[in-house]
Amino acid sequence: MTENVVSLYKNPDPTADPAPVTTLTVVPDPVPAKPVPLWLRSGRAIRTAATHDTTRTTARTLARHGLYVAGGARIAAKRAWDGRTAARYERYMRTAEAAGNFEAAAEWEERGQRFRDARHRRRMDLLHSPLDAAKGAAVTTGMGIGGLILIGIAMAIATKDATEVVTPLMAVIKFINLMVTIVQVVWGPAVSLAPLLALLALWAVGSKQQAAPQWALPDRVRNGEGEPITPSIVVKALRDLGVPALRNAIKEMGDAGASMLSPIVIAGCGIEVDVTLPSGVSTIEVQGRRRKLAENLSRHEHEVFITIPQAARTVRLWVADSGALDEPIGPSPLVTDDTLTADYAKGKAPWGQDLRGDAAALSLYQRHLLITGLSNQGKTVALRSLALWLSLDKSVQFLMGDLKGVGDWAMFDGLALTLIQGPTDEHVIQVTEMVEGAVEEMNRRIQAPPGTTFPPLIVLVDEAQVAFMCPAKDEDKRPYGGAKANSRYFMAVRKIHNQGRAVNVLMWQGTQDPTNENLPKLVREGAHTRASLALGTESQARMALGDKAVDGGAAPNLLRPGLDRGTLVVASDGITIPAGQSSITVRTHYVNDDDATAITDRAKALRDGVTTLTLIERGQERDQLADIAAVIADAPRLRTQDVLKRLSALNPDAYGDWSPGDLTRALDGTGAEPYKSDGRMVVGRDQITRALAHRDETDSASGA
């Protein structure tokens, strides 16, 4: 900004000293800002006022109290309807029938019939009531007037004044006139106030019953659900748990049980508190009443977790905010971060979040892994997420067997050294040979000079229960499945569990529904990291995680199948578990097939190129008689059409275009040709078995 300078000089005497110069600085007025239009200022003010918290709260309060009146009217109308009709009896009767209590339903039906009979009698009485009322009024009036006259006569005789005869009657008339006057005075205001009093009564009913929509109710008033957890609420929930010793101890405590509780702290999407139980109350009594405790806390069962910390006679409660566990946890860092890499020895796989909302990362270094759970609960995705992270370490090698065979692991083609996909016995055989090859590699590494380092080799088998339950046997009659000492798959897994960790040969398995038949005890106990999704029973939870974890509060059997998909309970020293606990609940990230393919493409770019061996090659020569015996092993005889369907499922390339004539030609001359039974062509299992045995004997004799 420029300044105008004006100099004022006064010096009338030239010989005198010059007068001082006074300098004035003139600053121009600032340019006025352009005024904001009135309509714009008004619009902004209206918008600010409309969106202000106070405005919203006020509007919600007005709406709430107005809706209380409407709700109260609805409740009053329903009560009046129930009082005048048999609706309540019908409702109770239907409820009893739905609960299967037919005795109570019959009782309510009888009560309803009695109500209808009494109502009918009342209505019939109303037909005669006007005439009866008129007769009664006439009699009462006559008697009243006669009585008043008699009183007047007595007064006239006593006073010797004949006018006293009508005095009582006139007094009554004056009293009636006074009442009429009072009614005339009060009637107007009463009529005016009646609607207001009626609205006030309806509001009181609606307010007491909270008869307004959820959005209009005050904060934290949702019929108790979502109410913040306070010490008094926790103590009351414990007191009403149904444990007599606990209830009596709380009553006797001078502080009403407050000394039992540690400070309540925020823990992720919920709170956490330790409860020191009084003498005579065991932790198992509280653990066994998890559902009742959750309901006492106004929560669902899956929103309350009970664990056992190190302190004696103490339970640790984690209570989720209402509905928080049903919210998704967000995408995996594997998907969102294209620059993410892995380190087998020092890194941890980003697996998901724990219940506190903290990141749950798992160390895979020299740890055998077992993941179990019911079907369709996210087992494959949880196992695959770990493999996807580890694939970003280019030093890691994979041997993979997918005994489901629906393409869940297809993206590892070109990344894994071996990838076998399929559910048949032939696939189990080749998976077993793959695991046995890993055992040979393990033995080679063990015999190497001390100090030799080896790249990590992950032997991964998904749906491992198919391998354990496989009935196939090799040439030496050794079974591939089972849990005996001659079981090939079982023994190969056991050998890796025993010695593989020392030379970085690790066994990862995923299996459904753990039982002693499909997951032998020695195999499940050989895993360092054991995780379980939703299971059906506590015994399955013990098989999956071990007794120690379950006794410490781990309860995958209490997870909700379908609703808690991807949520698993982990027992491992490779993940951070709160002090004193033996397990942790993790909500895993979901990585879909497209994202998994993008991650494996990044992993393949880190490598020089891997040729994946699939072993079961298309178009290879098949043992037709052995395949036919395998597909009819579970039935004494089978229709030829069903045999063809099973052969096509076994190997579409070899048998997909077979016709009944092809099947007949394959069995021609074996003594097991198709024959008619009940008018249909069938193939007999016993004939096939004899033909196969006869062929083996012939081959053995020829070899001899």
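We're numbering straight along the sequence, starting at 1.
A distance of 9.0 Å separates CG of L370 from OG of S532, quoted to the nearest 0.5 Å. Remark: D321 CG to I266 CD1 distance equals 7.5 Å, nearest 0.5 Å. Taking CH2 of W351 as the reference point, atom CG of L362 lies at 5.5 Å (rounded to 0.5 Å). Atoms OG and CG, on S539 and N557 in that order, are 8.5 Å from each other to the nearest 0.5 Å. Atom OG1 in T314 sits 6.5 Å away from atom CG in L277 (nearest 0.5 Å). Taken from CG in L392 to CG in L388, the straight-line distance is 8.0 Å, to the nearest 0.5 Å.
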side-chain contact (heavy atoms from CB on, under 4.5 Å) between V493 and Q509, worked out: CA-CA 10 Å; V493 173; Q509 294 183 99; 3.7 Å; yes
For V275 and L317, run side-chain contact (heavy atoms from CB on, under 4.5 Å): C-alpha distance rounded to whole Å, both residues' side-chain angles, the deciding distance at 0.1 Å, then the answer. CA-CA 8 Å; V275 181; L317 307 181; 4.0 Å; yes
Would L545 and T372 count as a side-chain contact (heavy atoms from CB on, under 4.5 Å) if you check the C-alpha gap in whole Å, the side-chain angles of each, and the deciding distance to 0.1 Å? CA-CA 9 Å; L545 300 175; T372 63; over 6 Å; no
From CA spacing to verdict: salt bridge (charged side-chain N to carboxylate O under 4.0 Å, His left out), R299, E295: CA-CA 5 Å; R299 295 295 190 274; E295 292 173 351; over 6 Å; no
Go through the steps to decide whether Q377 and L374 satisfy the test side-chain contact (heavy atoms from CB on, under 4.5 Å), and finish with yes or no. CA-CA 6 Å; Q377 298 304 309; L374 297 177; 3.9 Å; yes
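Remark: the N518 side chain and the Q512 side chain contain no N/O donor-acceptor pair separated by less than 3.5 Å. Counting only N and O atoms by type, the side chains of E463 and Q465 include a donor and acceptor under 3.5 Å apart. Side-chain contact check for R291 and N296: no donor-acceptor pair (N or O, by modelled atom type) lies under 3.5 Å. Judged purely by distance below 3.5 Å, without hydrogens or angles, the side chains of T515 and E517 pair a donor atom with an acceptor atom. D462 and T380 share a donor-acceptor pair across their side chains, judged by distance under 3.5 Å alone.
Under a 3.5 Å cut-off, the side chain of W318 and the backbone N or O of A267 do form a donor-acceptor pair. Side-chain N or O atoms of N592 include one that pairs as donor or acceptor with a backbone N or O of D595 at under 3.5 Å.
Between D593 and R384 a salt bridge is recorded (basic side-chain N to carboxylate O distance below 4.0 Å). The pair D551-R542 counts as a salt bridge, with a side-chain nitrogen and a carboxylate oxygen less than 4.0 angstrom apart. Salt bridge status for D117 with R121: absent, with no side-chain N to carboxylate O gap under 4.0 Å.
Within 6.0 Å of atom CD in E285, more than 12 heavy atoms from other residues, nucleotides or ligands are found, so the atom counts as buried in its surroundings. In the displayed structure, K348 atom NZ is contacted under 6.0 Å by more than 12 heavy atoms of other residues, nucleotides or ligands.
A349 and L364 make their closest contact through CB-CD1, 4.4 Å (heavy atoms, listed as atom of the first residue, atom of the second, distance). The heavy-atom pair separating R501 from Q366 by the smallest distance is NE-O, 2.9 Å. Nearest heavy atoms, D343 versus W389: O-CH2, 3.4 Å. L241 approaches K292 most closely through the heavy-atom pair O-CD, 3.5 Å.
Relative orientation of the H528 and H368 rings is parallel, given thresholds of 30° and 60° on the angle between their planes.
Seen from the ring of Y590, R565 does not count as a face-on cation partner, given the 6.0 Å and 45° thresholds.
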